[in-house]
Amino acid sequence: KKDKQGKVIPKMADKYRQINKYLEIIDGLLKSTALPKKINIVDMGSGKGYLTFALYDFLRNSRNLDVQITGIELREELVTYCNEVAKKCEYHDLSFVSERIENYDESKIDILIALHACDTATDDAIYKGLLSKSSLIICAPCCHKQLRQSVKGTTQENPILKYGIFKERQFEMVTDTIRALLLEKNQYNTKVFEFISNEHTRKNVMLVGSKASKAPNIEAINTKIANLKKDFGVSEHYLETQLNNIK
């Protein structure tokens, strides 16, 4: 949002910076990924659609790519609003649907995006990307509750876990490390990095999986996951359970 002089309204400056950084990251990832001529992108948990609209505009109008983008969002009023805006902007290949991430059925997703999908909704999104053998899976995980809740009531030996705030951060890292390892197990190269500085939001980790050509060492990855779970007294990781249920 800008004022009449074309300057970004101060309270929107953080959002503006975030969007620009996000587009810069996606641009870099696209350049190093083999993609079809028409790229099918699904944004799971698209919310008010700021990033979805920015991405569509950037890929279509700045990069001249043939993209189809679908935003998945549970809140119907946001879906209706975003579809109306897309229509007004004549963004013909941008649409939004009201659906739970785990119920979304799409046979081919080239790029799966899930930014700040809460807790296991991130896992549901990664799961859909893996089922679809997406070329790119881009997540900014949020609200890591599942692992912390699964170890409730068990005594932790690790002194770091004595303090609530450290425990929370530690389990965020364990959750996302297991997610990264599960992506590797499914033949993805993984990267975890900061995408905006801490002054804007603490939920600033991005986890990216890009389809690899080299087959993974399944046994070694299974050992790493098992050791992590053992070290932190974790009985179950939601995404691992989902993937085990495929067989």
Side-chain angles (χ1 to χ4, degrees), residues 1-27 29-30 35-122 124-129 132 134-143 195-196 200-201 203 206:
K1 285 188 181 179
K2 298 185 179 186
D3 61 20
K4 286 172 185 170
Q5 282 75 45
K7 288 181 180 165
V8 176
I9 296 166
K11 68 173 183 173
M12 291 300 288
D14 283 358
K15 192 57 144 177
Y16 187 71
R17 253 196 303 273
Q18 184 190 32
I19 289 170
N20 283 341
K21 186 66 186 163
Y22 167 69
L23 295 178
E24 194 185 301
I25 288 165
I26 298 237
D27 196 28
L29 291 169
L30 291 182
L35 289 159
K37 204 164 173 55
K38 186 166 183 79
I39 307 163
N40 189 26
I41 300 173
V42 180
D43 185 352
M44 296 196 163
S46 50
K48 291 175 182 168
Y50 289 120
L51 294 169
T52 325
F53 276 91
L55 183 63
Y56 184 89
D57 183 65
F58 174 74
L59 296 180
R60 273 273 159 158
N61 301 325
S62 297
R63 289 289 171 264
N64 298 313
L65 293 171
D66 187 2
V67 293
Q68 166 87 43
I69 302 185
T70 308
I72 312 297
E73 171 54 49
L74 200 53
R75 290 163 288 184
E76 277 184 42
E77 67 278 12
L78 291 181
V79 169
T80 304
Y81 172 72
C82 287
N83 277 325
E84 282 168 5
V85 175
K87 206 172 175 181
K88 272 182 202 154
C89 294
E90 296 186 357
Y91 287 177
H92 303 298
D93 288 316
L94 173 62
S95 61
F96 295 81
V97 294
S98 172
E99 200 163 3
R100 295 189 72 84
I101 291 171
E102 67 266 33
N103 296 339
Y104 182 67
D105 185 26
E106 170 59 58
S107 55
K108 188 69 202 109
I109 303 168
D110 298 309
I111 299 174
L112 183 286
I113 297 169
L115 303 181
H116 302 139
C118 188
D119 194 25
T120 53
T122 293
D124 287 323
I126 294 172
Y127 178 69
K128 291 288 178 186
S132 186
S134 301
S135 300
L136 270 177
I137 295 174
I138 302 164
C139 300
C142 188
C143 311
F195 75 111
I196 37 175
H200 309 308
T201 172
K203 303 291 180 189
M206 197 167 253

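The structure displayed is predicted, hence computed values, not measured ones.
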Item to complete: Please answer whether the main-chain N or O of F96 pairs with a side-chain N or O of N83 as donor and acceptor at a distance below 3.5 Å.
Response: yes

Discussion item. Given 3.5 Å as the limit, does a donor-acceptor pair link the side chain of Y56 with the main chain of D93, or not?
Written reply: yes

Discussion item. I'd like to know whether CG of D105 has more than 12 heavy-atom contacts from other residues, nucleotides or ligands below 6.0 angstrom.
Written reply: no

Practice prompt. Any chance you could measure I109, atom CD1, to Y104, atom OH, to the nearest 0.5 Å?
Written response: 6.0 Å

Worksheet item: At their closest point, which heavy atom of T122 faces which heavy atom of C142, and how far apart are they?
Response: OG1-N, 4.2 Å

Fill in: Interatomic distance, D124 atom CG to R100 atom CZ [nearest 0.5 angstrom]
8.0 Å

Discussion item. Quick check: do H92 and E90 have side-chain heavy atoms less than 4.5 Å from each other?
Written reply: yes

Response to the item:
Scanning both residues in full, the closest heavy-atom pair of G129 with I137 reads C-CD1, 3.8 Å

Worksheet item: Do Y22 and M206 touch side chain to side chain, with heavy atoms closer than 4.5 Å?
Response: yes

Worksheet item: Is a salt bridge present between E84 and K87, judged by a nitrogen-to-oxygen distance below 4.0 Å?
Response: no

For residues 67-80, dump all side-chain donor-acceptor pairs below 3.5 Å to protein atoms at least two apart in sequence or in another chain.
{"residue": "E73", "atom": "OE1", "partner": "G47", "partner atom": "N", "Å": "2.8"}
{"residue": "E73", "atom": "OE2", "partner": "R75", "partner atom": "N", "Å": "3.1"}
{"residue": "E73", "atom": "OE2", "partner": "R75", "partner atom": "NE", "Å": "2.8"}
{"residue": "E73", "atom": "OE2", "partner": "R75", "partner atom": "NH2", "Å": "3.4"}
{"residue": "T80", "atom": "OG1", "partner": "E76", "partner atom": "O", "Å": "2.9"}

Discussion item. Run the side chain to side chain contact (heavy atoms under 4.5 Å, CB included) test on V85 and Y91 for me, step by step, so that the C-alpha distance in whole Å, both residues' side-chain angles and the decisive distance to 0.1 Å come before the verdict.
Written reply: CA-CA 9 Å; V85 175; Y91 287 177; over 6 Å; no

Worksheet entry | Distance, nearest 0.5 Å, that separates CG of D43 from OG1 of T52 | 4.0 Å

Practice prompt. Working to the nearest 0.5 Å, report the span between NZ of K38 and CG of L65.
Written response: 11.0 Å

Worksheet item: Does the side chain of I113 reach to within under 4.5 Å of the side chain of L51, using non-hydrogen atoms?
Response: no

Worksheet item: Does I26 reach the side chain of L55, with side-chain heavy atoms less than 4.5 Å apart?
Response: yes

Worksheet item: Is K37 close to D66 at the side-chain level, that is, under 4.5 Å between some pair of heavy atoms?
Response: no

Fill in: side chain to side chain contact (heavy atoms under 4.5 Å, CB included) assessment of L30 paired with L136
CA-CA 9 Å; L30 291 182; L136 270 177; 4.2 Å; yes

Item to complete: Rounded to the nearest 0.5 Å, what's the gap from CZ on F58 to CD on E24? Could you check?
Response: 9.0 Å

Response to the item:
All heavy atoms of L112 vs all of S134, minimum pair found to be CB-OG, 4.1 Å

Response to the item:
Rounded to the nearest 0.5 angstrom, the CG-OG distance for D110 and S132 is 7.5 Å

Fill in: 4.5 Å side-chain heavy-atom contact, L35 and I111
yes

Item to complete: Mark yes when over 12 heavy atoms from residues, nucleotides or ligands other than K108 sit less than 6.0 Å from its NZ; otherwise mark no.
Response: yes

